[in-house]
Amino acid sequence: MSAYPNTSTVCQPLAVLGRDVEVPLVSGAKVTYAALDYAASAPALQRVWDDVAAYAPYYGSVHRGAGYLSQLSTDLFEQSRATVAEFLDLREDDQVVFTRATTDSLNLLAGVLPAGTRVFAFETEHHASLLPWRKHDLTVSYLRAPRSPEEAVAALEEALAGSVPGPKLVCVTGASNVTGEIWPVRELAATAHRHGARIVLDAAQLAPHHPVSVRELDVDWVAFSGHKLYAPFGAGVLAGRGDWLDAAEPYLAGGGASRTVARETDGSVAVEWHRGPQRHEAGSPNVIGAYAIASACRALGEVGFDALVAREQYLIDRLRTGLAGIPQVRVLTLFGEEHPRVGVLSFVVQGWNSSHFSAALSAEYGIGVRDGLFCAHPLVRTLLGGEAAAPSECGAPEASLPGERSLNAIRVSFGAGTPDEHVDRFVEAVRELVTDGAQWSYRTEGGRCVPDTRRA
C-alpha cells in the first residue's frame, strides 16, 4: 500500500510554459526541468500566454489615442481592472491600481498614508512589506514573531491598545513566503478595526493558491504580483479603499496622473490631478502586464479554487510524507507542522550547507529550488534559532551579521502547474543526497555554489 495520499479526487496540473524544457546536468545528460521555485516566480499559464499572443498584434497606447487600436487597448486595460476587482471580491467603491509588483504596491501605499500614521508589522514579513514604511515620515512598530495564530492576534491587540491616537495601519502577509503557513487575516483585520486601524494584506503568496475575498477578510487593501500568479510582464496590483489614495499626491508625477496642467501668471505650473486609479498610474501603463494578470485571474476562477486547493494539499501531503521519512531534514515552522499552508516549505538538512545542497539538486538532478534567507531575514533567523549552516566546500554567507556564521535554508515551492513527478523526484533526490552525498565537487563562484569539473 502506498504511503502517499490518494489521487482519485485530485485535478490535473494546469498547463504552464516550460513544462517540457530539458536542462543539462553536470554529468552531460539532459533531464526535464523540475521547477520548484514558484514562490519566487511561477511559470506563466499557457492560457495566459495564448491570450497575450492573441492580443499582441492589436497593441496600442492606453488612454492616449483616438485610433482603433488605442481604443481597443484602453477598453482591454479597463476590462482587466474590472476582472481583478471581481477576482478579489472588492467592495463597490474600491479601486484597482496597476503597479509593477507587490513591492511597488506597498511602497505606493506607504507614500499616501496620512502624516503621522503609525504602522504595525510583524518581523515575520517579507522585506516588501517590512521595509517600505521606513522611507517615509511614519512611525513603525515591529512585532516579534508569534508562535501561534492566537499569539499573533494577542500581540496585535496589545500593540494597538497601547498606541497613541491617530491614523494607524497594520500590514500582514496572507501566507508566509518562508514557511507557507496561512496567517489569521480575518481575525487580525477585526482586531485592527476594533482599534480604529486599517489593514493591508500582502497576498503575494496567498492569491496564487487560495481565494482572496476583500469583503470576507474585511481588509482595507490587498497587494499582489502578477509574476507569482502565473502572469509574466512585470505588473502587480494594489486594490482597496480610495480615500487615502485620492487625498495624496500621485505616486509618480507625469502624464496620465494629471487632469489639467496650466502655466500661472507668476511663471509656475498649476496641476489638477485625476482622482481614482489613474492618479497613481502616471506614464504609459503596462497594458500587457495588466491583461496577463486578468487572464490568470479568469483562468484560476474557471478551474475553481476548490479544485486547485485540493490538488495543492495533495502535493503538500505527498511532500511532507516523503520528507518525514528522512530524519536529517528539519522543516521550518512558526505555527506547528499541522498548521494549514500553501505550497511553500523551507527546511535545513543536518550536516549540509543549504547553498551546497541546492546546487547539487540543480546540477545533479535538474531540480530548481531556492536557498538563502528569502528576503525575510528576521524570520529565517528566528526559525533557525542561530543554527549556522554546516561547513562546506562551498556556501553563501549572504546576509550574515558581523561575527555570525552563514545562515541559510532551502525552500521548495509549487502550485497549479506542478506534476506529481516533480515532487516525487525532489523527495528522492533529497534522500539520495542525504544517504550518498553529492557525486561532484563544488566551489564558490560569484557568491554562488557551482559544480566543479571533477567528481567527488
Side-chain angles (χ1 to χ4, degrees), residues 3-4 13 16-43 315 318-332 343-374 388-398 406-415 417-456:
Y4 292 129
V16 294
L17 294 184
R19 57 191 180 276
D20 298 322
V21 167
E22 290 192 338
V23 296
L25 302 180
V26 66
S27 65
K30 285 191 173 183
V31 66
T32 302
Y33 186 62
L36 295 176
D37 194 15
Y38 275 50
S41 283
L315 291 177
R318 197 174 184 93
L319 172 65
R320 292 181 60 191
T321 298
L323 292 182
I326 309 172
Q328 294 86 347
V329 170
R330 178 167 77 87
V331 174
L332 305 183
V344 178
L345 183 146
S346 296
F347 64 98
V348 292
V349 182
Q350 181 182 345
W352 280 83
N353 178 287
S354 295
S355 294
H356 187 187
F357 199 89
S358 299
L361 284 173
S362 175
E364 300 182 28
Y365 296 91
I367 297 171
V369 297
R370 182 155 295 227
D371 63 272
L373 302 179
F374 317 125
S392 171
E393 58 199 56
C394 71
E398 176 197 359
S406 175
L407 291 174
N408 58 352
I410 305 157
R411 184 180 70 191
V412 55
S413 54
F414 45 86
T418 305
D420 301 3
E421 186 270 334
H422 287 186
V423 172
D424 294 347
R425 232 170 85 195
F426 169 78
V427 170
E428 188 54 35
V430 171
R431 193 188 319 277
E432 287 186 7
L433 285 172
V434 167
T435 304
D436 304 327
Q439 300 303 301
W440 293 79
S441 297
Y442 291 78
R443 68 180 188 279
T444 301
E445 183 178 290
R448 295 298 305 168
C449 199
V450 299
D452 212 331
T453 56
R454 64 188 188 279
R455 285 189 176 272

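What's counted below: heavy atoms across the whole structure, side chains too, no hydrogens, waters or symmetry copies. This structure is a prediction, so every number in the text was calculated from the model and none was measured.
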Cut-off 3.5 Å, no hydrogens considered: what does the side-chain donor-acceptor table look like for residues 357-366, sequence neighbours left out?
| unit_1 | atom_1 | unit_2 | atom_2 | d |
| --- | --- | --- | --- | --- |
| Ser358 | OG | Ser354 | O | 3.0 |
| Glu364 | OE1 | Gln439 | N | 3.1 |
| Glu364 | OE2 | Gln439 | N | 3.2 |
| Glu364 | OE2 | Trp440 | N | 3.3 |
| Glu364 | OE2 | Tyr442 | OH | 2.6 |
| Tyr365 | OH | Glu432 | OE1 | 2.9 |

Exercise for review: For residues Ser346 and Phe374, report the shortest heavy-atom separation together with the two atoms involved.
Suggested key: OG-CE1, 3.6 Å
**Study point:** Contact summary for Leu345 and Arg320, nearest pair of heavy atoms
**Key:** CD1-CG, 3.9 Å
Study note, to complete from the structure: Of all heavy-atom pairs linking Ser355 and Asn408, the shortest is OG-ND2, 2.9 Å
Check your understanding: Nearest heavy-atom pair of Leu433 and Trp352: which atoms, and what distance?
Key -> O-CZ2, 3.4 Å
Practice item. Any chance you could lay out the side-chain contact (heavy atoms from CB on, under 4.5 Å) test for Thr32 and Glu421, step after step, and finish with the verdict? Key: CA-CA 11 Å; Thr32 302; Glu421 186 270 334; over 6 Å; no
Check your understanding: Can a salt bridge be assigned to the pair Glu428 and Arg431 using a cut-off of 4.0 Å between side-chain N and carboxylate O?
Key -> yes
Study note, to complete from the structure: Smallest heavy-atom separation, Pro451 atom then Val26 atom, equals CB-CG2, 3.7 Å
Exercise for review: State, to 0.1 Å, how close Val369 and Arg411 come at their nearest heavy-atom pair, and which atoms those are.
Suggested key: CB-O, 3.3 Å
Practice item. Report the distance from atom CG of Leu319 to atom CG of Asp424, rounding to the nearest 0.5 Å. Key: 10.0 Å
Revision key, fill the gap. Residues passing the side chain to side chain donor-acceptor pair (under 3.5 Å) test with Glu445, sequence neighbours excluded, are Arg443
**Study point:** Donor-acceptor under 3.5 Å (Ser413 side chain, Val344 main chain)
**Key:** no
**Study point:** Donor-acceptor contact below 3.5 Å, side chain Thr418 vs main chain Gly415
**Key:** yes
